Amino acid sequence: PSRKAVDALGFTEPTPVQAQSIPPGIEGRDILAAAQTGTGKTLAYLLPIFDQMVRHFGSKRPKKGPYALVLAPTRELAQQISECAATIAEVTGFRTLTVIGGKKYTTQIEHLRQGCDILIATPGRLIDLAHQKALSLDMIHYLVLDEVDRMMDMGFWPSVSTIVRMTPADRQTFLFSATLTPDVEAKAQIVQNDPVTVEISHQGE
């Protein structure tokens, strides 16, 4: 199923970040990656997650969820990730849902009640919905923190930290940042378990 999804995305040669992140990601390792926007980083975490979910669930669709959570700092990024995830999900039969600020709470709560497999969210809106008991993160197997440096710059880390604590400790965690500053690496130590570190030089992008 992943192969079909990959074809649907017009994906041919993996970018450096994909080539280094996807194999250990598929094996279930935590990934700590330095990658800018435009390097193909979205597929570097979505493909391992979808690959594992297809193998784990096969053709029987889980009822509850979400099983994967992707956190992004901005609505724009969340929507871009959502478009990419929806393309793969169409082929694999998984349900994606995006919850971001600026949209109606009632609609989002209704969609959450109907269930989803992959949830893409901005931290503020997700915290609000969690406080309203609109969703549970007890079933999260895969957690992605995308553009962590921006989340920290925008003051979202306390929310992100709260969300991380709501997910199971044995989850697989992907952490992506434009650069791996000491601050980002310190955060990774808190949320990850022995991650594979992927750093792509700027010339190779």
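Values in this document were obtained by computation on a predicted structure and should not be read as measured data. Side chains included, hydrogens not; waters and symmetry mates left out as well; all remaining heavy atoms used.
In this structure, Met166 and Ala130 approach most closely via the heavy-atom pair CE-CB, 3.3 Å. Phe50 and Ala85 get closest at one heavy-atom pair: CZ-O, 3.6 Å. The shortest heavy-atom contact between Pro123 and Ser159 is CB-CB, 4.0 Å. The heavy-atom pair separating Leu180 from Ala34 by the smallest distance is CG-CB, 3.6 Å. Nearest heavy atoms, Met53 versus Ile118: CE-CD1, 4.0 Å. Closest of all the heavy-atom pairs between Glu83 and Thr87 is O-OG1, 3.0 Å.
In this structure, Arg165 CZ and Leu137 CG are separated by 12.5 Å, a value rounded to the nearest 0.5 Å. Note that CD1 of Ile120 is 12.0 Å distant from CG of Leu126, once rounded to the nearest 0.5 Å. Rounded to the nearest 0.5 Å, atoms CD (Gln189) and CG (Leu175) are 11.5 Å apart. Rounding to the nearest 0.5 Å places CD1 of Ile49 at 13.5 Å from NE2 of His56. Remark: Trp157 CH2 to Asp149 CG distance equals 11.0 Å, nearest 0.5 Å. In this structure, CD1 on Ile22 lies 9.5 Å from CG on Asp51, to the nearest 0.5 angstrom.
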In residues 72-82, what donor-acceptor pairs under 3.5 Å come from side-chain atoms, sequence neighbours left out?
from: Thr74; atom 1: OG1; to: Leu77; atom 2: N; distance (Å): 3.1
from: Arg75; atom 1: NE; to: Gly101; atom 2: O; distance (Å): 3.1
from: Ser82; atom 1: OG; to: Thr98; atom 2: OG1; distance (Å): 2.7

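No continuous path of hydrophobic side-chain contacts links Leu97 to Met139 [ILVMFWY only; heavy atoms under 4.5 Å]. Residues Leu135 and Val99 fall within the same hydrophobic cluster, defined by Ile, Leu, Val, Met, Phe, Trp and Tyr side chains chained together at heavy-atom separations under 4.5 Å. A chain of hydrophobic side-chain contacts below 4.5 Å, direct or via other Ile, Leu, Val, Met, Phe, Trp or Tyr residues, connects Val198 to Leu43. Hydrophobic clustering of Ile, Leu, Val, Met, Phe, Trp and Tyr side chains at less than 4.5 Å, counting indirect connections, keeps Ile190 apart from Val196. A single hydrophobic cluster is seen to contain both Leu32 and Leu145, as judged by linkage of ILVMFWY side chains at heavy-atom distances under 4.5 Å, directly or through other members.
Between Ile31 and Gln20, every side-chain heavy-atom pair lies at or beyond the 4.5 Å cut-off. Thr173 has its side chain out of reach of Pro195: every pair of non-hydrogen atoms, C-beta onward, lies at least 4.5 Å apart. With contacts defined as side-chain heavy-atom distances shorter than 4.5 Å, the pair Val164/Leu143 qualifies. Residues Arg95 and Gln114 have side chains not in contact (no heavy-atom distance under 4.5 Å, counting atoms from C-beta outward). Cys84 places a side-chain heavy atom less than 4.5 Å from the side chain of Leu46. Using a 4.5 Å cut-off on side-chain heavy atoms (C-beta onward), Arg55 and Ile26 make contact. Ser21 is not listed as a side-chain neighbour of Phe174, based on a closest heavy-atom distance of 4.5 Å or more. In this structure the side chain of Leu71 never reaches within 4.5 angstrom of the side chain of Phe156, judged on heavy atoms.
Between the side chain of Glu147 and the backbone N or O of Ser177, no donor-acceptor pair lies under 3.5 Å. Remark: the backbone N or O of Thr39 is paired with a side-chain donor or acceptor of Thr15 at under 3.5 angstrom.
More than 12 non-hydrogen atoms from other residues, nucleotides or ligands lie less than 6.0 angstrom from CD of Gln132.
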### Task
In sequence, state the C-alpha distance, the side-chain angles, and the governing distance for Val191 and Arg171, and then conclude on side-chain contact (heavy atoms from CB on, under 4.5 Å).
CA-CA 10 Å; Val191 302; Arg171 65 181 186 272; 4.0 Å; yes
### Query
Can you list the steps and then say if Gln18 with Leu47 is a side-chain contact (heavy atoms from CB on, under 4.5 Å)?
CA-CA 9 Å; Gln18 290 164 354; Leu47 284 180; over 6 Å; no
### Task
Let me see the working for His141 and Gln52 under side-chain contact (heavy atoms from CB on, under 4.5 Å), right down to the final yes or no.
CA-CA 10 Å; His141 288 54; Gln52 290 187 77; over 6 Å; no
### Message
Would Val160 and Val148 count as a side-chain contact (heavy atoms from CB on, under 4.5 Å) here? Give the steps.
### Response
CA-CA 9 Å; Val160 172; Val148 164; over 6 Å; no
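Of the candidates Leu112, Val70, Leu129, Ile140, Leu112 is the only one forming a side chain to side chain contact (heavy atoms under 4.5 Å, CB included) with Leu119.
Judged purely by distance below 3.5 Å, without hydrogens or angles, the side chains of Gln108 and Arg125 pair a donor atom with an acceptor atom.
The ring-ring contact (aromatic ring centres under 6.0 Å, His included) search around Tyr142 returns none, not counting sequence neighbours.
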